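When reading the values below, keep in mind they use all heavy atoms of this one structure, side chains included, and skip hydrogens, waters and symmetry mates. Keep in mind the model is a prediction, meaning the values are calculated, not measured.
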Amino acid sequence: MEDNGNFEKGQDDGFTQANTYQNTQQNLAQMHSQSTESASGFAIAGMICGILSIVCCCFWYISGILGILGLVFSIIVLVRKLPGRGLATAGVICASIGLVLAIGLLIFAFSVDKGISSMSPDEWRSLIDSIDSME
């Protein structure tokens, strides 16, 4: 037999086919478990709250609360580097849009309220007459 340095027949040199196959299987299993890691509950909650804040934008008080919750949950995921970063990013975007809509609607509601409440009785009569004449 030929002498291969310090290796004797049957001694594992780390590069045998069986050992390489086992290492490959372990690496694939580890990569698979990392790639299929489920999203954290905070990421899912952040995205759902963000979407609901857009859907409920006509109710500014509900939309504002949901938007703030969506931002908080999503930021927790991004800061702690939990799984579900894509959902958390979508949650931040949706919650931000929902908050902007809620704040815009709140400003609009207060400006309309101030405009209507400052009308004189004569302006009210003329408004009602113009509406009646449309019929």
Side-chain angles (χ1 to χ4, degrees):
M1 270 234 166
E2 190 178 304
D3 186 21
N4 293 333
N6 294 334
F7 298 110
E8 296 177 13
K9 186 175 180 180
Q11 184 177 5
D12 186 16
D13 61 359
F15 295 104
T16 61
Q17 185 176 2
N19 208 12
T20 305
Y21 178 76
Q22 185 179 14
N23 288 339
T24 303
Q25 290 299 321
Q26 288 173 349
N27 289 341
L28 287 175
Q30 184 180 17
M31 287 176 17
H32 180 70
S33 69
Q34 289 174 351
S35 67
T36 60
E37 215 169 80
S38 63
S40 72
F42 281 118
I44 295 169
M47 188 185 68
I48 289 174
C49 287
I51 291 170
L52 287 176
S53 72
I54 294 173
V55 172
C56 297
C57 71
C58 292
F59 306 104
W60 60 268
Y61 43 91
I62 295 173
S63 180
I65 293 170
L66 288 171
I68 291 169
L69 286 174
L71 276 176
V72 169
F73 291 149
S74 298
I75 289 172
I76 287 173
V77 171
L78 295 174
V79 169
R80 291 186 182 175
K81 297 181 180 174
L82 298 173
R85 294 177 59 87
L87 292 176
T89 304
V92 167
I93 293 168
C94 291
S96 300
I97 292 170
L99 277 174
V100 167
L101 288 173
I103 291 170
L105 191 58
L106 179 65
I107 292 170
F108 177 74
F110 279 124
S111 67
V112 168
D113 183 45
K114 295 295 179 189
I116 290 175
S117 63
S118 66
M119 289 177 64
S120 69
D122 290 333
E123 292 172 332
W124 274 106
R125 280 189 211 104
S126 67
L127 179 64
I128 291 171
D129 290 340
S130 64
I131 291 172
D132 287 339
S133 67
M134 290 182 191
E135 292 178 14

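For the atom pair CE of M47 and CG of L52, the computed distance is 10.0 Å after rounding to the nearest 0.5 Å. Considering CG of L87 and CD1 of I48, their distance stands at 9.0 Å, rounded to 0.5 Å. A distance of 10.5 Å separates OG of S40 from CZ of R85, quoted to the nearest 0.5 Å.
I103 belongs to a hydrophobic cluster whose other members, connected by ILVMFWY side-chain contacts under 4.5 Å either directly or through intermediates, are I107. Side-chain heavy-atom separations under 4.5 angstrom define the hydrophobic clusters, and the remaining members of the one that includes L101 are I54, I93, I97.
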Under 3.5 Å, which donor-acceptor pairs do the side chains of residues 59-80 form with other protein atoms, sequence neighbours left out?
| unit_1 | atom_1 | unit_2 | atom_2 | d |
| --- | --- | --- | --- | --- |
| S63 | OG | S53 | O | 2.6 |
| S63 | OG | G98 | O | 3.3 |
| S74 | OG | G70 | O | 2.9 |
| S74 | OG | A88 | O | 3.4 |

